[in-house]
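Scroll down for the structure; my scribbles are underneath it.
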Amino acid sequence: QVQLVESGGGLVQAGDSLRLSCAASGRSFSSYVMGWFRQAPGKEREFVAAIDWYSFGTYADSVKGRFTISRDIAKNTVYLQMNSLKPEDTAVYYCAVANYRRAIRPDEFGYWGQGTQVTVSS
């Protein structure tokens, strides 16, 4: 059974950093895209970042230069380093997996974690 488990969320102040982790189990995702999405209250789930099997990262414009996605294939884990956090980054962050290299839409991702809350206070 495939399982994605996010961790690392929390309450921080604007300007702080957080590192999210997503550990996958049940199968290897070395040949898949792993991504992060977020959803704030009352808003649609939005793409944050994704990393393909060549470790090439893609980012939403809103996080470029502040967030960095990385992966450890041996650990079947993807990370999201978030720096210079802003109150507008407050959301539940979800890890997801897709088998399409250019996947950035939620419907292109077939596996999802339960999410981890990130709250940034001003």
Side-chain angles (χ1 to χ4, degrees):
Q1 182 180 357
V2 172
Q3 192 173 17
L4 302 176
V5 179
E6 302 96 336
S7 61
L11 171 63
V12 297
Q13 293 186 332
D16 286 350
S17 299
L18 276 177
R19 188 194 195 204
L20 305 183
S21 299
C22 172
S25 60
R27 65 175 300 170
S28 171
F29 289 111
S30 60
S31 299
Y32 287 72
V33 169
M34 300 188 78
W36 289 95
F37 288 77
R38 66 187 181 186
Q39 188 166 18
K43 294 188 176 181
E44 292 187 354
R45 192 167 297 190
E46 65 173 357
F47 171 78
V48 175
I51 187 166
D52 67 15
W53 45 86
Y54 297 115
S55 292
F56 180 81
T58 303
Y59 298 91
D61 288 344
S62 59
V63 306
K64 276 182 183 176
R66 299 188 298 123
F67 291 10
T68 303
I69 190 170
S70 61
R71 68 191 298 173
D72 186 328
I73 291 177
K75 294 183 178 180
N76 225 15
T77 298
V78 63
Y79 306 96
L80 186 68
Q81 178 66 43
M82 305 186 295
N83 298 329
S84 302
L85 282 162
K86 304 175 181 180
E88 51 263 45
D89 294 318
T90 295
V92 177
Y93 283 70
Y94 297 91
C95 171
V97 175
N99 60 8
Y100 172 52
R101 189 179 175 199
R102 291 183 173 84
I104 61 170
R105 298 198 318 262
D107 62 354
E108 294 173 324
F109 287 75
Y111 298 103
W112 291 85
Q114 293 300 306
T116 185
Q117 177 71 46
V118 172
T119 303
V120 185
S121 64
S122 57

Item to complete: Apply the test side chain to side chain contact (heavy atoms under 4.5 Å, CB included) to residues Y59 and I69: give CA-CA distance (whole Å), side-chain angles for both, the deciding distance (0.1 Å), then the verdict.
Response: CA-CA 8 Å; Y59 298 91; I69 190 170; 3.4 Å; yes
Worksheet entry | Pairs satisfying disulfide (SG to SG under 2.5 Å), at least one member in residues 17-122, at least two apart | C22-C95
I'd like to know if [Y] and [X] are part of one continuous hydrophobic network [Ile/Leu/Val/Met/Phe/Trp/Tyr, side-chain heavy atoms within less than 4.5 Å].
{"X": "I104", "Y": "V78", "result": "no"}
{"X": "V2", "Y": "M34", "result": "yes"}
{"X": "Y79", "Y": "W36", "result": "no"}

Residues which pass side-chain hydrogen bond (donor to acceptor under 3.5 Å, both in side chains) with [X], listed by chain and number, not counting sequence neighbours:
{"X": "N83", "value": "S17, Q81"}
{"X": "R71", "value": "none"}
{"X": "S30", "value": "S28"}
{"X": "T68", "value": "none"}

Which residue pairs pass the salt bridge (charged side-chain N to carboxylate O under 4.0 Å, His left out) test when at least one of the two sits in [range], sequence neighbours left out?
{"range": "residues 15-28", "answer": "none"}
{"range": "residues 78-99", "answer": "R38-D89, R66-D89"}
{"range": "residues 102-122", "answer": "R105-D107, R105-E108"}

Quick one: does [X]'s side chain get under 4.5 Å of [Y]'s, heavy atoms only?
{"X": "Q39", "Y": "Y93", "answer": "no"}
{"X": "L80", "Y": "F67", "answer": "yes"}
{"X": "V33", "Y": "Y100", "answer": "no"}
{"X": "L20", "Y": "V118", "answer": "yes"}

Discussion item. Donor-acceptor check, side chain of S21 to backbone of S7, threshold 3.5 angstrom: yes or no?
Written reply: no
Item to complete: Mind checking ring pair (Phe, Tyr, Trp, His ring centres under 6.0 Å) for F109 and listing every partner two or more places apart, or none if nothing turns up?
Response: F37
Worksheet item: Which atom pair, heavy atoms only, marks the closest approach of A50 to A103?
Response: CB-O, 4.2 Å
Response to the item:
So side-chain hydrogen bond (donor to acceptor under 3.5 Å, both in side chains) across residues 113-122, not counting sequence neighbours, yields Q117-T119
Worksheet item: Residues two or more places apart in sequence or in another chain: which of them pass side chain to side chain contact (heavy atoms under 4.5 Å, CB included) with A23?
Response: T77
Worksheet item: Which pairs with one or both residues in residues 6-29 pass ring pair (Phe, Tyr, Trp, His ring centres under 6.0 Å), sequence neighbours excluded?
Response: F29-Y32, F29-Y111
Discussion item. Among Y94, F47, W112, which residue satisfies the side chain to side chain contact (heavy atoms under 4.5 Å, CB included) criterion with P106?
Written reply: W112
